[in-house]
Structure formats: structure tokens, C-alpha cells
**Q** 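Sharing a structure below in C-alpha cells format, with a few things to ask.
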2 protein chains.
Amino acid sequence: MRTQLLERAARMLREREPITLRSLVAGTGVSTMAVYTYFGGMDGVWRALRQEGFTRLAARLEALVVPADPVEDLVAGAAAYVVNALEHPDLYRVMFDATVDLEDLEAAEATLGHLERAARRCRDGGRIAEDADPDRLATEVWTVCHGIVSLVVSRVASRRTLASGIPLLAAVITAAGDDPAACRRSVEAGWAALRPPQGSTATASTSTR
Amino acid sequence: MRTQLLERAARMLREREPITLRSLVAGTGVSTMAVYTYFGGMDGVWRALRQEGFTRLAARLEALVVPADPVEDLVAGAAAYVVNALEHPDLYRVMFDATVDLEDLEAAEATLGHLERAARRCRDGGRIAEDADPDRLATEVWTVCHGIVSLVVSRVASRRTLASGIPLLAAVITAAGDDPAACRRSVEAGWAALRPPQGSTATASTSTR
DNA sequence: GAGCTTTCCATGGCAATGTGATGCCATAGA
DNA sequence: TCTATGGCATCACATTGCCATGGAAAGCTC
């Protein structure tokens with residue numbers, strides 16, 4: 001029942017229907033009090049949606065095949081973050097709209113953890129300086145991605161702004177010590193996941209989901 | 001009357017009181033319909049608040065004394081952007097929360113315009129490559145700042161994350177062609193506006209406002 | 001100045017919202 | 001079979017944004 005309501009809420013969010021206590025239970029044969037039993041109120045519904053969003057994002061990151069090139073790995077994680085946000089823009093907004101609380105933060109940490117692991121690989125593989133802080137690099141990458149995608153999702157910046165991810169990430173990783181030319185190549189490879197939504201039309205119908 | 005209501009709304013937002021049609025007019029001696037006359041509804045109030053936020057930001061940027069060093073100028077604009085957001089976090093959230101519409105975009109453009117002017121100065125002054133695109137650099141700087149401040153304001157990242165502005169901006173501007181050492185110096189100088197909230201306690205009481 | 005129009009906004013009510021008190025009842029444990 | 005626990009349906013409430021109505025003031029024409 002709980003998951004049924006949650007999925008229904010996620011679907012309504014995706015389809016841009018207003019999520020209201022009554023509209024949420026309408027047609028499910030269940031009454032409004034059920035929402036209070038399972039979520040403790042509408043706030044709880046939004047919180048659950050937020051967590052669901054982070055969980056889905058973490059799953060997506062986990063499902064990535066890790067390339068041999070650690071820098072490409074790092075950027076691929078960043079790209080997956082961006083793609084996820086673009087595919088579920090409303091969910092993304094919910095995830096960062098309100099002032100998040102601590103349990104949400106844990107889920108967010110998981111996301112950051114993926115990037116940190118890749119950043120450590122970069123250092124261990126000698127791609128960035130030995131004394132560079134991988135966690136800091138991961139945070140910087142995350143910050144950049146969040147900035148880009150946040151502006152695009154809220155339509156302040158056009159979708160073309162996504163392309164700036166390449167020079168930005170290249171600048172950040174190069175600053176951490178990577179060789180400029182190699183870095184550029186790795187970044188472009190890792191960022192490639194962003195290409196399909198711009199170029200191809202069909203052929204992607206057999207993807208996940 | 002309109003500005004009185006708008007200022008009242010801004011104050012309520014600042015003081016974290018819920019802004020409601022009735023709470024907005026309560027005590028003003030005016031009725032709810034006045035809000036419809038002046039704003040066309042609560043949506044209009046939020047839109048007006050958004051625009052007010054952009055206007056205030058633009059004024060703040062305009063009031064900056066432009067330093068001789070163009071890179072410092074660029075970064076000072078970025079820092080002012082961040083400081084403004086930190087001083088009025090709720091207003092900042094409103095500015096980017098909803099899907100903004102076109103008239104809001106104009107105001108946002110003004111903000112970007114300030115950075116673009118500074119970026120052009122950087123190119124004309126020979127600080128970045130001649131074939132570098134100043135507008136792109138300005139957008140990148142904006143993106144980075146928005147990413148940082150957005151994470152900090154929504155409490156996803158700690159306030160310490162603000163410090164990453166220096167290496168990030170240095171990386172971005174260096175990538176555009178500036179000399180690394182000089183860039184670092186300019187960025188630190190421009191970013192200095194962020195220092196007070198961390199360090200000093202008094203002595204800043206005679207500042208603006 | 002009288003009459004007409006227009007603009008502004010106070011009154012009051014409406015539908016929809018989130019919330020919660022009350023109590024029914026199915027299930028499980030004795 | 002009796003009972004007790006917990007899930008949830010029913011119903012009522014306060015509050016929300018919105019607006020139809022109408023009154024009052026201001027402007028315009030003659």
C-alpha cells in the first residue's frame with residue numbers, strides 16, 4: 001500500500017498532475033487517513049519522494065559500467081547525475097527544493113560517495129596530483145553538475161548550457177593535476193552519455209525501463 | 001500601496017513567516033482584493049518578489065567599485081552574487097524555485113550582463129586568450145557560483161563548501177587562458193568579500209544598510 | 001454642477017486544501 | 001468465543017486562494 005501510493009505520487013509528479021492529499025488517494029479506494037498512517041501527512045509524502053529520487057539516482061550510478069579510464073569514470077558519474085535530472089526534472093526539483101533534512105542527506109551522501117570513489121581512482125592511477133584531495137575534487141565536480149543542471153531544469157539557462165559541462169569539468173580536473181589534453185579526451189568520453197538526447201531519435205528504445 | 005505590500009511580503013519572507021493572501025493583508029487595513037488589483041493573485045506576488053530579488057541583486061552588482069584588475073572584477077561580481085544569496089536565502093530560493101517565466105529572465109540577464117562585461121575586460125586586458133568567448137566565461141562563472149550557493153542555501157552542503165569557490169573559479173578562468181599564479185591572486189582578491197561572514201565579528205557595522 | 005463611466009477595493013461566500021478526532025472492524029492472540 | 005490491537009473510513013474543521021457583487025470615489029463630458 002505504501003509503495004503503491006508512493007509510485008502513484010511519483011507518476012503524478014512525472015505527469016505534472018498536482019499532488020494533493022485527495023487527488024493522491026482518489027481512485028485507489030483508500031481514504032485520506034491512510035496517507036497519515038503511512039507517511040504522517042503530506043510532508044511525509046514529499047520526503048518519501050525525495051528519498052525515492054536519491055535512491056533511484058544511486059541505483060543508476062551503481063549500474064554504470066566502470067571504464068578503465070578513472071577520469072572518464074568520474075565524468076561518467078557526473079553525466080549520469082545530469083541525465084537523471086533531465087529525465088526527471090520535477091523529481092529533481094523536489095529533491096532540492098525544500099530545505100532537506102538529515103535523512104535525505106544520507107541518500108545524497110551516497111551519490112557523492114560514487115564520485116569520491118572515482119576521484120580516488122584518479123589519484124591512485126596517477127591522473128591527478130598525489131597531494132590532491134579526491135573528496136574535494138568530487139565535491140567540485142558535483143557542484144559544477146548541480147549548477148549546470150539546476151539552471152537548465154528551472155529553464156533559466158537553455159539546454160545548450162549543458163555543453164559547458166565539458167570545458168568546466170576539464171578545467172576542474174586539469175586544475176587537480178591531470179594532463180590537459182588527456183583530460184579533455186577523458187572528459188569528452190565520459191560526458192558522451194549526454195549525447196543521445198541531443199542527437200539520435202530512435203535506436204534508444206531498447207534502453208533500460 | 002503596491003510597494004508597501006511588496007515590502008511587507010519581502011519582510012515576511014525574510015522573517016520566515018508563511019506568506020499567505022490573508023496574512024499578507026492582515027494589519028494593513030486593506031482587503032484581500034487589493035492584492036488582486038495590484039498583483040492579480042498570489043502568483044503575481046511571488047513573481048513580483050522574484051523580480052524584486054533580481055533587481056536588488058542587479059543594484060548590488062552596480063554598486064560595486066570596479067577594481068583595476070579585470071579578473072578580480074569578474075570574481076568580485078561572482079562573490080557579490082554569492083553574498084547576496086547568503087544574506088537573503090529564502091528570496092534566493094524563490095528566485096529559482098519555480099519555473100521562471102520570460103520577464104524574470106530579463107532581470108536574470110542583467111545579472112549575467114555584469115559578469116559578461118567583466119569577462120570582456122579580461123579579454124581586452126589580455127588576461128584570457130584572445131579567442132576565448134567572454135560570454136561563455138561569464139556563464140561558466142555564473143554556473144559555478146549558482147552551484148555552490150544553491151547547495152549551501154538548501155543546506156545540502158555545509159557552509160564550508162563556499163571556500164571551494166576559489167579553486168573552482170581559478171580553474172575556470174585559468175582554463176580560459178589566464179596565468180595560473182596571477183589568476184589565483186586575482187581570484188582570492190575578488191573573493192575576499194566572502195571573508196567577513198567567516199572571520200570578523202564587529203568592525204563591519206558601518207557597512208551598507 | 002449633474003450625470004455617466006471607470007477604477008479601486010471591502011464584503012462575504014465558495015471550493016479545495018491539509019489535518020485530525022472519532023469510531024468501526026478485521027485480524028490475531030488468549 | 002472473547003478481546004485487544006491497529007489500520008483506516010467517516011466526518012468535521014480551519015485555512016487557503018479565488019472571485020461575484022456591489023459600493024464609493026475619482027475622472028470625464030456636457
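Lettering of chains follows the sequences in order, A, B, ..., and the numbering in each one begins at 1. Scope of the values below: all heavy atoms of this structure, side chains included, with no hydrogens, waters or symmetry mates. Keep in mind that what you see is a predicted model, and the values were worked out from it rather than measured.
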**Q** Calculate the interatomic distance between B:M42 atom CE and D:dC19 atom P; express it in whole Å.
**A**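 Between P of D:dC19 and CE of B:M42: 14 Å.
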
**Q** Let me know the distance between CD of B:E17 and C1' of D:dT16, rounded to the nearest Å.
**A**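 It works out to 17 Å between those atoms.
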
**Q** How far apart are the C-alpha atoms of B:I19 and B:W46, what are their side-chain angles, what is the distance that settles it, and do they pass the side chain to side chain contact (heavy atoms under 4.5 Å, CB included) test?
**A** CA-CA 9 Å; B:I19 299 185; B:W46 292 110; 4.0 Å; yes

**Q** Let's see if you can work this out: which of C:dA21, C:dA10, D:dG17 has an atom nearest to the side-chain heavy atoms of B:M33?
**A**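 Selected nucleotide (nearest to the side chain): C:dA10.
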
**Q** Could you please name the option among C:dT19, D:dC8, C:dG12 that lies closest to any side-chain atom of B:T32?
**A**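 Nucleotide nearest to B:T32's side chain: C:dG12.
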
**Q** Specify the residue among A:R22 and A:T37 whose closest nucleotide of DNA chain D lies further upstream toward the 5′ end.
**A**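 So the residue in question is A:T37.
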
**Q** Output the rounded distance in Å from CZ (B:R2) to P (C:dC8).
**A**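 In whole Å, C:dC8 P lies 13 Å from B:R2 CZ.
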
**Q** When the ring planes of B:H146 and B:Y92 are compared, do they come out parallel, tilted or perpendicular, using 30° and 60° as the limits?
**A**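 Tilted.
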
**Q** Rounded off to whole Å, could you give me the CE-to-C1' distance for the B:M1 and C:dA10 pair?
**A**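 My rounded result for the distance is 13 Å.
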
**Q** Report the distance from atom CZ of A:F39 to atom P of D:dG7, rounded to the nearest whole Å.
**A**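 My rounded result for the distance is 14 Å.
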
**Q** Go through the steps for A:I148 and A:S164 under the test side chain to side chain contact (heavy atoms under 4.5 Å, CB included), then give the verdict.
**A** CA-CA 8 Å; A:I148 295 176; A:S164 67; 4.1 Å; yes

**Q** Separation of A:W46 atom CH2 from C:dT17 atom C1', in whole Å?
**A**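 The answer, rounded to whole Å, is 13 Å.
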
**Q** Measuring to OP1 and OP2 of D:dC8, would you say a side-chain N or O of A:Y38 lies under 4.0 angstrom away?
**A**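 A:Y38 to D:dC8 OP1/OP2: side-chain N or O found under 4.0 Å.
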
**Q** Check the phosphate of C:dA16 against A:T20, side-chain N and O only, distance under 4.0 Å to OP1 or OP2. Yes or no?
**A**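 False: A:T20 side-chain N/O out of range (4.0 Å or more) of C:dA16 OP1/OP2.
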
**Q** Taking only side-chain N and O atoms of B:Y36, does any of them lie within less than 4.0 angstrom of OP1 or OP2 on D:dC18?
**A**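 Yes, within the criterion.
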
**Q** Run the numbers on A:V82 and A:L162 for side chain to side chain contact (heavy atoms under 4.5 Å, CB included), then give the verdict.
**A** CA-CA 9 Å; A:V82 171; A:L162 292 175; 4.0 Å; yes

**Q** Expressed as a whole number of angstroms, how long is the span from A:L21:CG to D:dC8:P?
**A**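 Distance check: A:L21 CG to D:dC8 P gives 14 Å.
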
